[in-house]
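Quantities reported herein were computed from a predicted structural model and do not represent experimental measurements. In each ligand, atom 1 is the first atom listed, and ligand 1 is the first ligand listed.
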Amino acid sequence: MIKFKNVSKVYSNDLIAVDNISFEVKKGETLVLLGTSGCGKTTTMRMINKLTNSSSGQIFIDNVDIENINPIELRRKTGYAIQYIGLFNHMTVFENIAIVPKLLKWSKDRIKKRVDELLNLFGFDPEEYKNRFPLELSGGQKQRIGVLRALAADPPIVLMDEPFGALDPITREQVQNEFLELESDIKKTVVFVTHDVFEAVKMADRIALMDGGKILQIATPKELVKNPKNELVKQFLGYHKFQLSLMTTNIFEFFNKNKPSKKINYSDQKNKLTLRHSIIDALDLFKETKKSNIAIFDKKTFLGFLHRKDLLNFISNLLKEKV
Ligand SMILES: Nc1ncnc2c1ncn2[C@@H]1O[C@H](COP(=O)(O)OP(=O)(O)OP(=O)(O)O)[C@@H](O)[C@H]1O
Ligand SMILES: [Mg+2]
């Protein structure tokens, strides 16, 4: 879907911001570009929609060199959401979300329908919110609208540059979860920039860890945590290794072994997780609900209960492995 081949970016001050990187993002995959400030994440991302031009190498979307894709077509293919939202304060929520569809000359009816549909995706009542201005929204709401704007023309690719970076930890977690849930339905190809290793592990199918304009390692979160390729990668993961290994073990790996054969109806919306959730999520929910079992779903299908004692046994075995 997206392919970088020996791509570099040298800014006019001779600074090599991106240094000969090659990687691919598969269709429907979420690739997280992770690394410390100044390592070249934003530059890498902005080369995909040509907001920044590469100095050498080639970038392909669906095997077409982006040099041969015109700007309108590129806008149709890529949505873009950034930190500090980037909403236009003089435009209403409706006008902000409608920017790209208007550019693509969609009919008024089609735009109206699409904006309503998008607002509903994040639980906004269209009638209540579409005529508000960004200054009449909370930070979390603005950020959600920023994400909806990126999705407006239903682009196959969504580029997100620290989209939740400016939010407080609680709102951030909520928006991350809402986006993950949305993503599992709409299955876009996502390139997501962050410097936060926990956010990376949570959001990514694969992580590209960058340093000094190069990619140090590109791997699934689990692989990165389990087998860091070199000292630099290890340093980046720092003291969080055990926590990260719990975060990168999802319920799928654990629950499969205890999968019950019977399905039952389940209505307690607060006490449930999906197979994609991690052991940490399960621990959190056990603590919060004080229940001894949690309902597990595969997307929307109820699979059965995860029992607290089984989870604790599993973690205790993991701890033994580490010693
Ligand atoms: N327009 C520019 N002109 C000159 N140098 C630039 C320009 N934009 C970025 N740089 C430099 O390129 C390097 C990479 O910047 P980039 O914005 O890609 O980093 P980043 O990984 O996104 O960092 P952050 O996490 O702080 O956003 C930095 O050293 C930065 O100073
Ligand atoms: Mg950046």
Side-chain angles (χ1 to χ4, degrees), residues 2-25 30-59 61 66-67 71 74 78-87 139 142-143 146-147 149-150 157-169 171-173 175-176 179 189-219 221 224 228-230 232-238 240 244:
I2 304 171
K3 186 172 170 186
F4 274 57
K5 199 172 160 197
N6 302 112
V7 177
S8 294
K9 173 67 186 180
V10 185
Y11 283 111
S12 51
N13 49 3
D14 286 341
L15 184 121
I16 304 172
V18 172
D19 192 0
N20 193 22
I21 58 171
S22 300
F23 64 92
E24 278 186 47
V25 192
T30 297
L31 181 84
V32 170
L33 301 175
L34 172 67
T36 49
S37 182
C39 71
K41 306 180 294 293
T42 295
T43 305
T44 301
M45 168 168 283
R46 286 168 62 96
M47 288 191 285
I48 300 171
N49 58 2
K50 288 206 272 194
L51 287 175
T52 299
N53 290 316
S54 58
S55 308
S56 59
Q58 285 172 295
I59 299 168
I61 295 180
I66 59 168
E67 286 309 308
L74 206 57
T78 56
Y80 187 46
I82 53 173
Q83 191 177 8
Y84 305 118
I85 306 121
L87 295 181
K142 275 192 259 194
Q143 200 67 69
V147 171
R149 184 176 65 179
I157 296 170
V158 184
L159 307 175
M160 304 176 85
D161 193 349
E162 311 237 10
F164 313 137
L167 301 177
D168 66 81
T171 312
R172 187 177 198 196
E173 178 123 14
V175 185
Q176 284 170 343
F179 183 75
T189 303
V190 180
V191 181
F192 189 107
V193 164
T194 183
H195 59 264
D196 175 350
V197 64
F198 294 106
E199 182 167 69
V201 159
K202 183 164 182 173
M203 306 307 282
D205 292 316
R206 283 189 308 150
I207 295 173
L209 181 60
M210 295 186 70
D211 187 56
K214 292 189 195 305
I215 294 178
L216 296 178
Q217 184 168 359
I218 182 161
L224 191 81
K229 202 167 151 188
N230 56 33
L232 275 172
V233 180
K234 264 190 205 158
Q235 267 173 28
F236 193 88
L237 302 176
H240 309 298
L244 288 168

Within-shell test, G35 vs ligand 1, heavy atom, strictly < 4.0 Å: no

Close approach, E162 and ligand 1, non-hydrogen under 4.0 angstrom: yes

Pairing residues for K3 by the side chain to side chain contact (heavy atoms under 4.5 Å, CB included) criterion, not counting sequence neighbours: E24, F60

Close side-chain approach of M203 to T194, heavy-atom, < 4.5 Å: no

Within-4.5 Å side-chain heavy-atom neighbours: I218 and L31: yes

Heavy-atom nearest neighbour in the protein, as seen from atom 9 (C) of ligand 1, with distance rounded to 0.1 Å: Y11 CE1, 3.4 Å

Minimum-distance protein heavy atom relative to atom 17 (O) of ligand 1: T42 CB, 3.7 Å

Polar protein atoms near the Mg ion (ligand 2) [N, O or S; cut-off under 2.8 Å]: T42 OG1

Atom 31 (O) of ligand 1: any protein heavy atom closer than 4.0 Å: no

What atoms of ligand 1 come closer than 4.0 angstrom to any heavy atom of [X]?
X	value
L15	11 (C), 12 (O), 13 (C), 29 (O)
A17	12 (O), 13 (C), 14 (C)
N13	4 (C), 5 (N)
G40	14 (C), 18 (O), 19 (O), 20 (P), 21 (O)

May I ask you to check if ligand 1 and [X] share an N or O to N or O distance below 3.5 Å?
X	result
S37	yes
T44	no
G38	yes

I need the contact type for [X] against ligand 1. Using non-hydrogen atoms and a strict under-4.0 Å cut-off, is it side chain, backbone, both or neither?
X	result
T52	neither
K41	both
V18	neither
M210	neither

Of I21, D19, V18, the residue whose pairing with K9 passes side chain to side chain contact (heavy atoms under 4.5 Å, CB included): V18

With F236, the side chain to side chain contact (heavy atoms under 4.5 Å, CB included) member among L224, L209, L216: L209

Option whose closest heavy atom lies nearest to atom 18 (O) of ligand 1, chosen from D161, T43, V10: T43

Minimum heavy-atom distance between Q143 and I82, given as atom pair plus value: NE2-O, 3.4 Å

